[in-house]
Amino acid sequence: MSGCLFIGLFGHGVWIFKIEFGNWALDFVGLLLSLPYIKVIKLLKYFKMFSSQLVQTDYQMLTLLKRCKTLRTLTQLHTQLIKTGLENDPFLTGNLILHCAINITNAVPYAHSILHYFPNPTAFMYNTLIRGYVESDHPCNALITFNEMRRNRMSHIVCLDSFTFAFVLKAVANMRSWDSGVQVHCLGIVYGLDMHIYVGTTLISMYAECGWIKEARKVFDEMLAPNVVAWNAMITGCIRCCDVEGAEMLYRRMDVKDLVSSNVMLDGFMKSGEVEVAKRMFFEEMDVKDDVSWSTMIVGFSHNGCFGEALDLFVELHRVGLRPNEVSLTGVLSVCAQSGAFEFGKIVHCYIEKCGFVWIRSVNNALLDTYSKCGNIDMARLVFERMPGFKSIVSWTTMVAGLAMQGYGDEALKLFHQMEDSGIKPDGITFISILYACSHAGLIEDGCRYFSMMKNDYGIEPTYEHYGCMVDLYGRAGDLQKAYKFITQMPIKPNAVIWRTLLGACSIHGNVELAEEVQLRLSELDPSDSGDHVLLSNIYAVAGKWKDVATVRKSMTSQGLTKTPGWSMIEVDKIMYSFVAGEKDNEVTKEAYTKLKEIMSRLRVEAGYASEVIGSVLHDIEDEEKEDSLVTHSEKLALAFGMSRLCDGSVIRIVKNLRVCKDCHTVMKLVSNVFGIEIVLRDRSRFHSFRNGSCSCKDYW
DNA sequence: CTAGGGTTAG
């Protein structure tokens, strides 16, 4: 109260005074108020001279404080404060809490203890502490602190302000707990702070984050004078709730647009899959672009599977003289991971080491994922072990998933226990990796145990993906009846993906009868998925039921469904080459075919290979079908091309978008033996490492 | 000495 009056009376000069001495100076205000204006100014001058020593100590302390990088050095400084009797200085203690809660990792509880022992904590201290909890692992502590603050307010110690509400609302948004959000909103109204522009903007973000777009819109519409930031928050909210059209309408209505608005729209178009709109109408038209615009585009391309465009833009970014930031780096690494661009990934890794990005966790996690998805588990392990600072849940889960994909089921489970020991709590995605590890390594009992552990010990509600893993676990192992029973007993209605998983298992184990029943369910849920029809027709083909094959294919044609074209990619000299089955009219493919011919004849002579497709079984299929079955799969072409181009001793790494077929799998095994080379093939479901005539999947995939 | 809107890995 006195502070407000003081500022009101003397304006600017006093404001400087306040900055220099902090809240601590307010104690003097009450004394000064009773004196005439001129005398106050004089007094102030004397006071400044007199207290310059003190100010000196304050600044020294502040400088020291900023140098503290760890909790250890900070506690030393705290001790120093206590020894010199400065511990009751609200300005210094406030800064101590700020530094502790914001700049030092995992030190928020310590900050809280400082506040706890401070006789009359200021609003600044509370606000800072709440702010610290927002980004912590437990944002709910922000709410607890908020309530503590309110209790103290009852005894007239602190006053809630707009900062308080802004931070608390952010915590609520991070927790996605809309009921607390509504409560805090109500309190904001009680305190008359809901119309504050900062609080209002945070309210919009909070509601949108929790999926309450209507409420967000209401706050926005009721704002007296929404500024650009508020508009941007509203547009972002629409995009979060998948309403790109609404976002675009708002964007067009804006009087003042800044760069952020355009970046939000870029992201919106990318998220809704409108890559061309983002590129042509926005990115290329923008007068001013910053690093966020570039990273948004690279990440957007990556999410939409436009790998070539993402890499081009990354190179372009260099060409125009800009430097990639951590976000564009994670984006480009994600492209390498998805496409298996191992060599390109290694170059990005060098850059990361050289430019000091190794300290950023998100970059490290992306790097880990890249090596793991490029089939180089040793490099992935290295990145994981050398990761600076603590390993986040993403780091652990990525490593577990990587091991699982390569078939190291036991090691994946061991790592999971290490993660628990290190105090990191697994979440739903961690369990997907664990269940995946179990199903791909044939660890059925373990899988069941982890599934119940997830529900009972961790209270994680299984999603479709978890159920899918379980169906896969039973199905892959050949217990189709158990898999079927599991589906019928699921507490949620099984979706197409679940049934599709069972269909896949039917295909592995050649169960025509169950496959037909599953197909019936699928035709109700998702009749237009060409993959299902292809799978069913393959099951018929293996069983020799050629008439049924023809029926399925005919019904596909009449529905206008076409088979998803299979592609395979291989990297040679940092260039990605992609092969599509049946394509013949370019030099690269011709080269691949020539080499393949040579390879296959050597396999026939030296390993007695005979194609599983060519033979008597084919005479029942129509001509078109025959041709389709005889078309060389893309992975064989990629293999041949790699063998023709890559030097001896290098590993052949191929990425395929669909699952590898049995014939290609056999060919790869034989090639690894006859030619003495190593092949790493990543298909849609897992990794296959071929060496000395056998595969790491032990023919279990 | 604090604040609201944009891109980040599993």
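Just so it is clear: chains get the letters A, B, ... in the order the sequence lines come, proteins before strands, and each one is counted from 1. As the structure is a computational prediction, the values presented were derived from the model and not from experiment.
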Considering only side-chain heavy atoms of A:H303, which listed nucleotide, B:dG5, B:dT7, B:dA9, is closest?
B:dA9

Protein-nucleotide distance (A:N232, atom CG; B:dA3, atom P), rounded to Å:
19 Å

Using a cut-off of 4.0 Å on non-hydrogen atoms, how would the nucleic acid contact of A:T236 be classed: base, sugar-phosphate, or nothing?
sugar-phosphate

How many whole angstroms separate atom CG of A:L203 from atom P of B:dG5?
12 Å

Give A:S362 one of three labels, base, sugar-phosphate or nothing, depending on what nucleic acid heavy atoms sit under 4.0 Å from its own.
base

Nearest listed nucleotide, side chain of A:K373, among B:dC1, B:dG4, B:dG10:
B:dG10

Rounded off to whole Å, could you give me the CG-to-P distance for the A:N365 and B:dA9 pair?
10 Å

Polar pair under 3.5 Å, donor/acceptor by atom type, side chain A:D427, base B:dG10
yes

Does A:E385 come within less than 4.0 Å of A:R381, counting only side-chain N to carboxylate O?
no

What nucleic acid atoms does A:V292 come within less than 4.0 Å of, heavy atoms only: base, sugar-phosphate, or nothing?
base

Please step through side chain to side chain contact (heavy atoms under 4.5 Å, CB included) for the pair A:H349 and A:V383, ending with a clear verdict.
CA-CA 10 Å; A:H349 187 181; A:V383 172; 4.3 Å; yes

So what does A:N95 hit on the nucleic acid, given a heavy-atom distance under 4.0 Å: a base, only sugar-phosphate, or nothing?
base

Once you apply a heavy-atom cut-off of 4.0 Å, does A:F167 come out as touching a base, just sugar-phosphate, or nothing?
base

The side chain of A:D161 is closest to which nucleotide in this list: B:dT2, B:dA9, B:dG5?
B:dT2

Looking at the side chain of A:R131, which of B:dT8, B:dG5, B:dA3 is the nearest nucleotide?
B:dA3

Report the distance from atom CZ of A:F283 to atom P of B:dT7, rounded to the nearest whole Å.
16 Å

Of all the choices, B:dT8, B:dG10, B:dG5, which nucleotide is nearest to the side chain of A:S205 once you look at every atom?
B:dG5

Test: A:R150 cationic atom under 6.0 Å from A:Y126 six-membered ring centre, within 45° of axis:
no

Length of the CG-P vector between A:L329 and B:dT8, whole Å
14 Å

After noting the C-alpha distance and the side-chain angles of A:W231 and A:S261, does the key distance pass the side chain to side chain contact (heavy atoms under 4.5 Å, CB included) rule?
CA-CA 8 Å; A:W231 277 84; A:S261 322; over 6 Å; no

Answer with base, sugar-phosphate or nothing: what part of the nucleic acid does A:T202 contact at a heavy-atom distance below 4.0 Å?
sugar-phosphate

Given B:dT2, B:dG5, B:dG4, identify the nucleotide with an atom nearest to the side chain of A:N127.
B:dT2

Among B:dT8, B:dG10, B:dG5, which nucleotide sits nearest the side chain of A:A233?
B:dG5

Which is true for A:V260 with a 4.0 Å heavy-atom rule: it touches a base, it touches only sugar-phosphate, or it touches nothing?
base

Of B:dG10, B:dA3, B:dT8, the nucleotide closest to the side chain of A:V394 is B:dG10

Counting any heavy atom closer than 4.0 Å, what does A:I429 reach on the DNA or RNA strands: base, sugar-phosphate only, or nothing?
base

More than 12 foreign heavy atoms under 6.0 Å from NZ of A:K414: is that the case here?
no

Rounded to whole Å, the CG-C1' distance (A:D89 to B:dC1) equals 12 Å

Would you state whether a donor and an acceptor, one from the side chain of A:T296 and one from the base of B:dT7, lie under 3.5 Å apart?
no

Between B:dT2, B:dT7, B:dG10, which nucleotide has the shortest distance from any of its atoms to the side chain of A:T397?
B:dG10

Run the ring-centre check on A:F282 versus A:Y251 and record whether the distance is less than 6.0 Å.
yes

Among B:dT8, B:dG5, B:dG10, the one nearest A:K170 by side-chain distance:
B:dG5

So, OP1 or OP2 of B:dT2: does either fall under 4.0 Å of a side-chain N or O from A:H99?
no

Return yes if the base of B:dG4 and the side-chain atoms of A:N227 contain a donor-acceptor N/O pair under 3.5 Å, otherwise no.
yes

Can you measure A:I352 atom CD1 to B:dA9 atom P for me and round it to whole angstrom units?
14 Å

Determine the contact category for A:I393: base if any of its heavy atoms lies under 4.0 Å from a base atom, sugar-phosphate if only primed atoms, P, OP1 or OP2 are that close, otherwise nothing.
base

Just to be sure I understand the rule, does A:I197 reach a base, reach only the sugar-phosphate, or reach nothing, if contact means heavy atoms closer than 4.0 Å?
base

Check the surroundings of atom CD in A:E316: do more than 12 heavy atoms from other residues, nucleotides or ligands lie under 6.0 Å from it?
yes

Would you mind classifying the nucleic acid contact of A:D258 as base, sugar-phosphate or nothing, using non-hydrogen atoms under 4.0 angstrom?
base

Mind calculating the distance between CZ (A:F384) and C1' (B:dA9) to the nearest angstrom?
14 Å

